[in-house]
Amino acid sequence: MEIISLIKEQIDDALKNIGITNLSEEYVVEIPPQDELGDFSSNISFILAKKLKKNPKIISQELSKELTKSSFFEKVENVNGFLNFFLSPNVYQRICSHIVSHPRNYGKIDIGKGKIIQFEFASVNPTGPLTVAHGRQAVMGDVIGNIYEQTGHIVQKEMYLNDAGRQIKLLARSLWVRYNELLGSHYEIPEDGYVGEYLIETAKIVLNKYGNSFKDKWNEEIENIFMEEAVEDMLNKMLHTLKRLDINFDVVFSEKLLFKNNIVDITLGQLKSKGYIYEKDGAIWFKVSDLIDENDKVLIRSNDKIPTYFCDDIAYHYYKYLRGFDQVIDIFGSDHHGHIPRMMASIKALGLPDDFLKIVLHQFVNIKKDGELVRMSTRKGEFYTLDELIDNVGKDAVRYFFAMVDPDTTLNFDVDLAIKKSNENPVYYVQYAHARICSIFKEAEKRGIKYERFLGLNDLNKNEEKMLLRELALFPNSLKNACLQFKPNLLTQYLEKVSSRFHHFYNSLSVLNAESYELMQARLNLCEATKIVLSRGLSILGVNAPESM
RNA sequence: GCGUCUGUAGCUCAAUUGGAUAGAGCGUCGGACUUCGGAUCCGAAGGUUGUGGGUUCGAAUCCCACCAGAUGCGCCA
């Protein structure tokens with residue numbers, strides 16, 4: 001039951017009745033700017049006006065006359081060409097009973113038709129603690145993944161681990177320096193190495209495990225040990241931090257696996273067979289210029305024959321295809337945007353479907369501390385870690401805060417403010433609405449009132465009740481928009497609107513002291529419906545829906 | 001230089017993708033029922049949507065130019 005589509009069905013029927021078929025343009029059914037104007041409105045007349053070269057007011061007059069015949073609407077008005085709908089009371093009743101009878105899956109819609117979708121996010125070099133910027137990406141990926149599950153997709157969440165390559169070697173050497181430091185031997189951390197103090201902790205682990213056997217000794221074997229130890233510890237810490245946010249991955253995919261399974265060679269072979277590969281100056285190149293307006297790129301380096309990051313990434317995505325996903329959605333920071341056209345080109349070159357890969361970007365997080373913006377650099381060891389943020393603000397607020405901002409917007413995070421007044425975060429507003437409803441039901445029980453489902457629903461005709469119900473009816477639509485646009489903030493915004501409508505209703509009408517028994521039951525139903533939407537919405541956001549707070 | 005994203009109230013963000021009088025929270029000011037939770041509700045102040053043009057019934061949204069910020073243009077990842 002998705003209210004906007006139902007209204008559109010009514011409009012389409014009316015169009016047919018007045019002889020208008022094959023309308024190709026999309027028209028909109030939405031909520032008018034003022035509640036008094038109607039429950040919903042549509043711009044259909046303007047769309048038709050352009051097409052039929054007729055005055056929109058005349059068209060909406062014709063249409064409103066036709067639509068009034070339907071029992072779906074109490075009345076249909078036309079104001080300045082807009083069609084404004086007032087739903088019949090029985091539609092509101094149906095909404096309420098529908099929600100109450102589907103507590104576990106109200107809002108689900110089938111956009112995906114069971115497609116298997118992989119989400120890749122929070123893929124980082126395991127070279128240091130996660131920062132708040134990573135937190136944004138992790139929450140975003142997790143929430144969009146959840147939304148995809150609600151919209152008829154089968155979702156797998158995966159993290160890619162860059163556990164090979166130059167950065168890791170630098171990390172190993174930096175760790176070794178810290179390890180020697182513990183043993184009283186002093187070396188310089190290499191240029192571009194990792195100076196953050198978190199490596200001291202890791203060094204202690206190595207010291208515990210291996211004793212002083214690597215003191216003042218350095219060779220390839222030792223380097224490998226330090227690489228492994230460093231990556232393991234960093235990964236554990238990262239996963240631990242994410243777990244604190246209730247973010248869990250189905251798969252952590254190691255870069256090393258690409259080589260172990262020969263994926264790089266297989267991918268290169270595939271590209272070669274399609275004619276996109278050539279050799280020059282001892283390196284192997286990808287003919288990007290055949291596909292897009294960009295220079296060719298190196299896949300295998302000339303001096304050490306090691307694949308570039310780009311090459312690995314192509315191989316990784318080809319492997320995703322071989323693993324059988326219908327679609328893959330990557331979530332990257334916006335600094336990767338230059339990577340997108342090349343990746344899309346490689347998808348085409350490999351002969352994969354055009355829509356196989358979708359890359360979603362998000363802007364950065366700036367941290368404001370003591371009134372100043374803090375630049376974050378893992379390498380220099382200057383950052384505000386995600387763990388600190390969770391310590392200070394708590395899981396629910398962190399998740400909500402990151403979900404509530406449009407991914408395209410740079411987020412200025414004022415840490416001091418977030419710590420000082422947690423009310424800054426609207427998550428409490430939504431949670432409070434939920435807790436309040438729970439408390440009504442507790443109070444009802446205390447008074448010996450037995451809640452009766454579906455009773456008295458036709459008494460729900462006050463404006464506050466209708467506005468709340470209308471909002472509840474939009475839940476599926478809100479999930480749909482969030483899904484199609486990859487914007488979790490549409491969901492948080494929606495929940496805030498629902499909460500606002502509820503608080504308003506609560507303050508102007510009494511539930512347990514209603515004028516009649518039937519009306520009280522009706523309002524209890526309305527409360528339950530609201531509770532269902534709030535708790536479903538919050539659970540998709542991964543935020544707790546408390547019974548009391 | 002070329003490309004991408006952003007610019008909205010003092011601050012943090014919206015605006016159902018071209019709709020009607022641009023909305024919330026925080027902050028400021030003023031109010032609320034001895035009754036279901038005052039983490040709430042109601043009201044006020046606060047805006048030339050970065051600037052200037054254009055497109056049309058209608059623009060924060062689309063097009064052009066400029067200004068400002070972020071970011072990318074490696075045999076780095």
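Residue numbers start from 1 in every chain, and the chains themselves are labelled A, B, ... in the order their sequence lines are given, proteins ahead of strands. What you see is a predicted model, and the numbers here were worked out from it, not measured in a lab.
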Who are the ring pair (Phe, Tyr, Trp, His ring centres under 6.0 Å) partners of [X], not counting sequence neighbours?
| X | value |
| --- | --- |
| A:Tyr318 | none |
| A:Phe475 | A:Tyr106, A:Tyr494 |
| A:Tyr316 | A:Tyr160, A:Phe253 |
| A:Tyr506 | none |

Look at all strands and tell whether [X] reaches a base, only sugar-phosphate, or nothing, counting heavy atoms closer than 4.0 Å.
| X | answer |
| --- | --- |
| A:Ile340 | nothing |
| A:Ala444 | nothing |
| A:Ser478 | nothing |
| A:Thr410 | sugar-phosphate |
| A:Val511 | base |
| A:Phe364 | sugar-phosphate |
| A:Leu509 | base |
| A:Leu411 | sugar-phosphate |
| A:Asn84 | base |
| A:Pro341 | nothing |
| A:Val28 | sugar-phosphate |

Please table the atom pairs, donor to acceptor, closer than 3.5 Å between any side-chain atom in residues 283-294 of chain A and protein atoms at least two apart or in another chain.
{"from": "A:Trp285", "atom 1": "NE1", "to": "A:Lys280", "atom 2": "O", "distance (Å)": "3.1"}
{"from": "A:Ser289", "atom 1": "OG", "to": "A:Asp296", "atom 2": "OD1", "distance (Å)": "2.7"}
{"from": "A:Glu294", "atom 1": "OE1", "to": "A:Arg342", "atom 2": "NH1", "distance (Å)": "3.4"}

[X] side chain: which of [options] is closest?
| X | options | value |
| --- | --- | --- |
| A:Tyr506 | B:rC36, B:rC5, B:rC13 | B:rC36 |
| A:Phe401 | B:rU71, B:rA20, B:rU12 | B:rU12 |
| A:Leu37 | B:rC36, B:rA20, B:rA15 | B:rA20 |
| A:Gln493 | B:rG19, B:rA15, B:rG37 | B:rA15 |
| A:Asn513 | B:rG38, B:rU35, B:rA20 | B:rU35 |

Taking atom [atom1] in both [N] and [M], compute the distance separating them and give it to the nearest angstrom.
| N | M | atom1 | result |
| --- | --- | --- | --- |
| B:rG19 | B:rG53 | P | 23 Å |
| B:rC42 | B:rC33 | C1' | 13 Å |
| B:rC2 | B:rU56 | P | 30 Å |
| B:rU35 | B:rU8 | P | 44 Å |
| B:rU4 | B:rC64 | P | 10 Å |
| B:rG52 | B:rG43 | C1' | 39 Å |

Report yes or no: is the cationic atom of A:Lys8 (NZ for Lys, CZ for Arg) under 6.0 Å from the centre of the six-membered ring of A:Tyr27, at an angle within 45° of the ring normal?
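That pair qualifies as a cation-pi contact.
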
Tell whether A:Asn481 reaches the base of B:rU16 with its side chain through a donor-acceptor pair below 3.5 angstrom.
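Under the 3.5 Å cut-off, the side chain and the base do not form any donor-acceptor pair.
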
A:Asp408 vs A:Gln363, side-chain hydrogen bond (donor to acceptor under 3.5 Å, both in side chains): CA-CA, chis, key distance, verdict
CA-CA 5 Å; A:Asp408 281 338; A:Gln363 292 291 325; 5.3 Å; no

Side-chain donor-acceptor distances from residues 441-449 of chain A under 3.5 Å, at least two apart:
{"from": "A:Glu443", "atom 1": "OE2", "to": "A:Arg447", "atom 2": "NE", "distance (Å)": "3.0"}
{"from": "A:Arg447", "atom 1": "NH1", "to": "A:Asn513", "atom 2": "OD1", "distance (Å)": "3.1"}

Where each residue is assigned the nucleotide of RNA chain B containing its nearest heavy atom, which of A:Ser508 and A:Asn43 is assigned the position nearer the 5′ end?
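Whichever sits nearer the 5' end wins; that is A:Asn43.
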
Any side-chain N or O of A:Asn477 less than 4.0 Å from the OP1 or OP2 oxygen of B:rU16?
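Result: no.
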
Heavy-atom check, side chain of A:Tyr428 versus side chain of A:Tyr400, under 4.5 Å:
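A side-chain contact under 4.5 Å is absent here.
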
Indicate yes or no: at least one non-hydrogen side-chain atom of A:Ile189 is less than 4.5 angstrom from one of A:Tyr194.
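Result no, sub-4.5 Å side-chain heavy-atom pair not found.
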
Base-pair map of RNA chain B as dot-bracket, where | denotes pairing with a different strand and pairs are Watson-Crick or G-U under 3.5 Å
(((((((..((((.....[...)))).(((((.......))))).....(((((..]....))))))))))))....

Pairs under 3.5 Å (N/O, protein and nucleotides 41-51 of chain B):
{"from": "B:rC41", "atom 1": "OP1", "to": "A:Tyr429", "atom 2": "OH", "distance (Å)": "2.4"}
{"from": "B:rC41", "atom 1": "O4'", "to": "A:Asn507", "atom 2": "ND2", "distance (Å)": "3.1"}
{"from": "B:rC42", "atom 1": "OP1", "to": "A:His504", "atom 2": "ND1", "distance (Å)": "3.1"}

Does the distance from a Lys or Arg side-chain N to an Asp or Glu carboxylate O, for A:Asp406 and A:Lys487, drop under 4.0 Å?
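Here A:Asp406 pairs with A:Lys487 in a salt bridge, since their nearest N and O are under 4.0 Å apart.
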
Give the table of side-chain donor-acceptor pairs shorter than 3.5 Å for residues 28-38 of chain A, with sequence neighbours excluded, one pair per line with atom names and distance.
{"from": "A:Asp35", "atom 1": "OD1", "to": "A:Arg470", "atom 2": "NH2", "distance (Å)": "3.2"}
{"from": "A:Asp35", "atom 1": "OD1", "to": "A:Arg501", "atom 2": "NH2", "distance (Å)": "3.3"}
{"from": "A:Asp35", "atom 1": "OD2", "to": "A:Arg501", "atom 2": "NH1", "distance (Å)": "3.0"}

Determine whether a donor-acceptor pair (N or O, by modelled atom type, separation under 3.5 Å) exists between the side chain of A:Asn507 and the backbone of A:His503.
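Checking the backbone N and O of A:His503 against the side chain of A:Asn507, a donor-acceptor pair under 3.5 Å is found.
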
N/O-N/O pairs, protein side and nucleotides 74-77 of chain B side, under 3.5 Å:
{"from": "B:rC75", "atom 1": "O2", "to": "A:Ser302", "atom 2": "N", "distance (Å)": "2.7"}
{"from": "B:rC75", "atom 1": "O2", "to": "A:Ser302", "atom 2": "OG", "distance (Å)": "3.1"}
{"from": "B:rC75", "atom 1": "N3", "to": "A:Ser302", "atom 2": "OG", "distance (Å)": "2.8"}
{"from": "B:rC76", "atom 1": "OP2", "to": "A:Arg301", "atom 2": "NE", "distance (Å)": "3.2"}
{"from": "B:rC76", "atom 1": "OP2", "to": "A:Arg301", "atom 2": "NH1", "distance (Å)": "3.0"}
{"from": "B:rC76", "atom 1": "O5'", "to": "A:Arg301", "atom 2": "NH1", "distance (Å)": "3.4"}
{"from": "B:rA77", "atom 1": "OP1", "to": "A:Arg301", "atom 2": "NH1", "distance (Å)": "3.1"}
{"from": "B:rA77", "atom 1": "OP2", "to": "A:Tyr309", "atom 2": "N", "distance (Å)": "3.0"}
{"from": "B:rA77", "atom 1": "O2'", "to": "A:Asn125", "atom 2": "OD1", "distance (Å)": "3.1"}
{"from": "B:rA77", "atom 1": "O2'", "to": "A:Asn125", "atom 2": "ND2", "distance (Å)": "3.2"}

Tell me if the aromatic rings of A:His362 and A:Phe486 count as close, with their centers under 6.0 Å from one another.
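Aromatic pair excluded; centres sit 6.0 Å or further apart.
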
Taking only N/O atoms, report every protein-nucleotides 57-59 of chain B pair under 3.5 Å with atom names and distance.
{"from": "B:rG58", "atom 1": "O6", "to": "A:Lys50", "atom 2": "NZ", "distance (Å)": "3.3"}

Got a list of side-chain donor-acceptor pairs under 3.5 Å for residues 518-529 of chain A, not counting sequence neighbours?
{"from": "A:Gln521", "atom 1": "OE1", "to": "A:Glu452", "atom 2": "N", "distance (Å)": "2.7"}
{"from": "A:Gln521", "atom 1": "NE2", "to": "A:Lys450", "atom 2": "O", "distance (Å)": "2.8"}
{"from": "A:Gln521", "atom 1": "NE2", "to": "A:Tyr517", "atom 2": "OH", "distance (Å)": "3.2"}
{"from": "A:Arg523", "atom 1": "NE", "to": "A:Glu465", "atom 2": "OE2", "distance (Å)": "2.6"}
{"from": "A:Arg523", "atom 1": "NH1", "to": "A:Ser510", "atom 2": "O", "distance (Å)": "2.7"}
{"from": "A:Arg523", "atom 1": "NH2", "to": "A:Glu465", "atom 2": "OE2", "distance (Å)": "3.2"}
{"from": "A:Asn525", "atom 1": "OD1", "to": "A:Tyr451", "atom 2": "OH", "distance (Å)": "3.2"}
{"from": "A:Asn525", "atom 1": "OD1", "to": "A:Phe454", "atom 2": "N", "distance (Å)": "2.9"}
{"from": "A:Asn525", "atom 1": "ND2", "to": "A:Glu452", "atom 2": "O", "distance (Å)": "3.1"}
{"from": "A:Asn525", "atom 1": "ND2", "to": "A:Gln521", "atom 2": "O", "distance (Å)": "2.8"}
{"from": "A:Glu528", "atom 1": "OE1", "to": "A:Tyr451", "atom 2": "OH", "distance (Å)": "2.5"}
{"from": "A:Glu528", "atom 1": "OE1", "to": "A:Arg453", "atom 2": "NE", "distance (Å)": "3.1"}
{"from": "A:Glu528", "atom 1": "OE2", "to": "A:Arg453", "atom 2": "NH2", "distance (Å)": "2.7"}

